[in-house]
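Take a look at the structure below.
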Amino acid sequence: MSDRTAASVVVALALITGRPQEACERPAAVLEHDLGVDSLALLEVVETLQERLGITVPDEVTARVRTVADLQDAVRPLVTASASTTSKDTAS
């Protein structure tokens, strides 16, 4: 995963939860139990990531996210696909 993507996930989690970035960096941290992320907060995190990274996270992907690593793993291919699409658009 690119450092930018990982950092964006951590920053979004810290921003929405109000927790220190160090707590949000732990891949095994369970969003709900360890970081206090309820379903509404998760939607806010996803919205923030969509805006900052120029991606769209499908609801069915969001529904499967349980840990920081899950969120990072869910975002990674979306960022890659978006970058690939952008580079194709600029090459045309």
Side-chain angles (χ1 to χ4, degrees):
M1 177 183 314
S2 78
D3 290 339
R4 177 177 174 257
T5 301
S8 293
V9 169
V10 170
V11 168
L13 283 167
L15 179 69
I16 300 303
T17 65
R19 303 210 184 238
Q21 285 191 8
E22 298 78 33
C24 300
E25 289 174 341
R26 296 182 309 117
V30 177
L31 298 177
E32 185 175 2
H33 299 292
D34 297 329
L35 300 177
V37 177
D38 61 13
S39 58
L40 181 59
L42 180 57
L43 290 177
E44 290 180 56
V45 169
V46 167
E47 234 176 67
T48 299
L49 290 169
Q50 290 180 142
E51 289 173 15
R52 290 181 178 213
L53 300 174
I55 60 173
T56 300
V57 181
D59 292 340
E60 59 272 11
V61 171
T62 303
R64 293 190 306 258
V65 170
R66 299 286 175 254
T67 66
V68 172
D70 289 346
L71 184 56
Q72 291 171 331
D73 290 345
V75 170
R76 179 190 306 120
L78 300 172
V79 170
T80 302
S82 175
S84 165
T85 301
T86 302
S87 66
K88 285 180 187 173
D89 288 347
T90 57
S92 300

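The figures that follow rest on heavy atoms only: side chains count, while hydrogens, waters and symmetry mates do not.
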For a quick test of reading the model, state the closest non-hydrogen atom pair linking [X] to [Y] and the distance between them.
X   : Y   : value
A29 : A23 : CB-O, 4.2 Å
A28 : D34 : O-OD2, 4.1 Å
Q21 : A14 : CG-CB, 3.7 Å
D70 : R64 : OD2-O, 4.0 Å
V37 : L42 : CG1-N, 3.5 Å
V65 : A74 : CG2-CB, 4.3 Å

Report task. Report whether V11 and V79 are members of the same hydrophobic cluster (ILVMFWY, side-chain heavy atoms less than 4.5 Å apart, transitive linking). Result ->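 Unlinked, V11 and V79 end up in two clusters.
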Report task. Indicate, with yes or no, if I16 and L35 share a hydrophobic cluster defined by side-chain heavy-atom contacts under 4.5 Å among Ile, Leu, Val, Met, Phe, Trp and Tyr. Result ->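 Same hydrophobic cluster.
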Query raised in the report: Under the 3.5 angstrom rule, does the side chain of S82 hit a backbone N or O of I55 as a donor-acceptor pair?
Result: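 It does not hold such a pair.
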**Report entry** side-chain hydrogen bond (donor to acceptor under 3.5 Å, both in side chains) partners of S8, counting only residues at least two apart
**Finding:**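 side-chain hydrogen bond (donor to acceptor under 3.5 Å, both in side chains) check on S8 returns nothing, list empty.
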Look up atom [atom1] in [X] and atom [atom2] in [Y], then write down how far apart they are to the nearest 0.5 Å.
X   : Y   : atom1 : atom2 : result
T17 : D38 : OG1   : CG    : 11.0 Å
L78 : L49 : CG    : CG    : 10.0 Å
D73 : T5  : CG    : OG1   : 11.5 Å
L13 : Q72 : CG    : CD    : 8.0 Å

**Report entry** side-chain contact (heavy atoms from CB on, under 4.5 Å) partner of V57, chosen from L53, V61, D59
**Finding:**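 So the option named by the test is V61.
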Query raised in the report: Under a 4.5 Å cut-off applied to non-hydrogen side-chain atoms, are L31 and V68 in contact?
Result: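 Yes. Closest side-chain heavy atoms under 4.5 Å.
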